[in-house]
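Since the structure is predicted, the reported quantities are computational estimates derived from the model, not experimental observations.
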Amino acid sequence: MGNMVIRTPHIDGLAKKGVLFRNAFVTTSICCVSRASILTGQYARRHGINDFKTNLSAAAFAETYVALLRAAGYRVGFIGKFGVGDTMPTKEFDFWRGFPGQGAYFGKKETVHLTRRMGDQALEFLKDCDAKKPWCLSISFKSPHAMDKAKREYPPDPRDEELYKDARIPVPKTADAKYFELLPKSVQESEGRRRWTWRFDEREKYQNIVRDYYRLITGMDREIGRVLAELERLGLLDNTLIVFLSDNGYFLGERGLADKWFMYEESIRVPLIVVAPGAPKSQRGKTVAAMALNIDVAPTFLDYAGLPAPKRMQGKSVRPLVEGKKTAWRTEWFYEHLTLPKIIPPSEGVRTERYSYIRWIDTAPPREELYDVREDPLEEHDLAGRPDQRELLERLRARWAALREELK
């Protein structure tokens, strides 16, 4: 996502202890939809969450990993930005420190940074855990999300103000205006471009904002380190499944855009690290090339808990990949983004191990883009209009049509 390597010791340490998925993606890249997919293991076209107000029904929530683990005797907790609906499911958790909406890094009465407060809350949860009872804690950091429209959109913990102050962060190659000019007009006029003008339209503004962005990431990493240290102190570290991921990727000026929402690689790729008890030592520090999705998280949790995944879950447990076992795995997947169509042009597509097919569905006829991401990882060369790629384009178009029906 970024343009500068920022070392985060505790996240790096997780990668050395567990399995890093090189190809991890979100099936749709907006927080409310992606978070619903993480909870349910379902595509948006099945779970039906396409805005910030709609709550999961009682029946749908009963089939989330949270509810299923709790029903099996787990103590479940949630900390941070819930992001699904406008009614918080506080009674569905044994420990609740979640909040609706975006939250704030500094509240009206709070002088301690939100990220640090969330670390404190995680230690509070662990303090009250019974060693004889299994538990599941979901920590949903706001960092490094922006405080949209604020004077300082990415305010770090005061302890991190001096970090990276002398760093000169390279601007991504695709930040050149020529890449913006290749975008569909609807994307050029979208919320992604509007937010670019807030953050990246001036050279020094870009530097200052991206430094803050990385400061927030470092602050989050510090809290992850505190949680890992407490697990180790309690003697629980080697018996705890740890999954680290994000709910979306991010544009830091690529293609003249900010935020997420579109099916380009910067927006759909997310970090995914799995540290699992009982995994062979030979798997530690491994990087797996298989394509994992946000819908795989819920079935993975259930698998490690020894529970069956509901039939309506569409993801797959990554446990065989973590343990180095041979298993049939996906070679393609369906992408969808239909949220807020007035400001974010709706799109769908198919991502294979080699190609990315993007379909903008707000125009007649729909506009198509096609990239060979193996040979062209920055997606600089659209193949959709090339006569010699017509057969490939037609094949991916057919897969798009088939998958969008299969996944309902």
Side-chain angles (χ1 to χ4, degrees), residues 8-14 16-18 35 38-39 61 64-84 88-100 103-107 109-143 156-160 216-247 273-278 297-298 300-302 304-307:
T8 50
H10 308 104
I11 296 174
D12 287 349
L14 284 179
K16 291 177 182 177
K17 292 179 180 178
R35 288 167 189 258
I38 291 169
L39 284 167
F61 196 91
T64 61
Y65 74 81
V66 170
L68 293 168
L69 289 175
R70 194 182 192 201
Y74 279 68
R75 177 177 183 246
V76 298
F78 187 89
I79 296 170
K81 178 181 174 182
F82 188 65
V84 182
M88 297 295 94
T90 56
K91 295 181 180 180
E92 306 296 337
F93 292 83
D94 302 298
F95 180 93
W96 177 264
R97 297 294 185 274
F99 53 80
Y105 287 116
F106 295 100
K109 297 181 180 180
E110 293 284 354
T111 57
V112 176
H113 196 273
L114 175 62
T115 304
R116 184 176 181 178
R117 299 200 306 270
M118 291 174 62
D120 291 342
Q121 292 163 351
L123 300 189
E124 179 186 354
F125 173 86
L126 292 175
K127 178 182 177 182
D128 293 333
C129 284
D130 185 338
K132 297 180 180 179
K133 185 176 182 178
W135 50 266
C136 175
L137 175 63
S138 302
I139 308 175
S140 184
F141 288 102
K142 177 178 175 63
S143 293
D157 189 304
R159 294 175 291 177
D160 300 325
L216 285 174
I217 292 172
T218 301
M220 176 179 63
D221 181 69
R222 180 171 50 240
E223 299 311 314
I224 292 171
R226 292 177 66 201
V227 173
L228 295 177
E230 182 65 6
L231 287 172
E232 187 169 27
R233 188 187 72 81
L234 295 171
L236 299 174
L237 187 59
D238 293 333
N239 193 37
T240 300
L241 173 68
I242 303 170
V243 178
F244 175 81
L245 78 158
S246 174
D247 64 336
I273 302 172
V274 179
V275 181
V297 174
T300 298
F301 286 158
L302 297 176
Y304 275 99
L307 301 173

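The aromatic rings of Phe93 and Trp96 are tilted relative to each other, their planes meeting at an angle between 30° and 60°.
In this structure, Phe99 and Lys81 have side chains that are in contact, with non-hydrogen atoms separated by less than 4.5 Å. When side chains are defined from C-beta on, Asp238 does not count as touching Pro277, because their heavy atoms never get closer than 4.5 Å. Residues Leu68 and Phe301 have side chains not in contact (no heavy-atom distance under 4.5 Å, counting atoms from C-beta outward). In this structure, Asp157 and Thr115 have side chains that are not in contact, with every pair of non-hydrogen atoms separated by 4.5 Å or more. Using a 4.5 Å heavy-atom cutoff, the side chains of Leu216 and Tyr105 are in contact. Residues Arg222 and Asp160 are in side-chain contact: their nearest non-hydrogen atoms beyond the backbone lie under 4.5 Å apart. The shortest distance between side-chain heavy atoms of Phe95 and Leu126 does not fall below 4.5 Å.
Interatomic distance, CG of Leu69 versus OG of Ser138, reported as 8.5 Å (0.5 Å rounding). Atom NE2 in His113 sits 11.0 Å away from atom CE in Met118 (nearest 0.5 Å). Remark: Ile11 CD1 to Leu228 CG distance equals 10.0 Å, nearest 0.5 Å. Atoms SG and OH, from Cys136 and Tyr65 in turn, are 5.5 Å apart once rounded to the nearest 0.5 Å.
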Going through the distances and angles, do Arg75 and Asp130 end up as a salt bridge (charged side-chain N to carboxylate O under 4.0 Å, His left out)? CA-CA 9 Å; Arg75 177 177 183 246; Asp130 185 338; over 6 Å; no
Step-by-step side-chain contact (heavy atoms from CB on, under 4.5 Å) determination, Arg35 to Leu39: CA-CA 6 Å; Arg35 288 167 189 258; Leu39 284 167; 5.6 Å; no
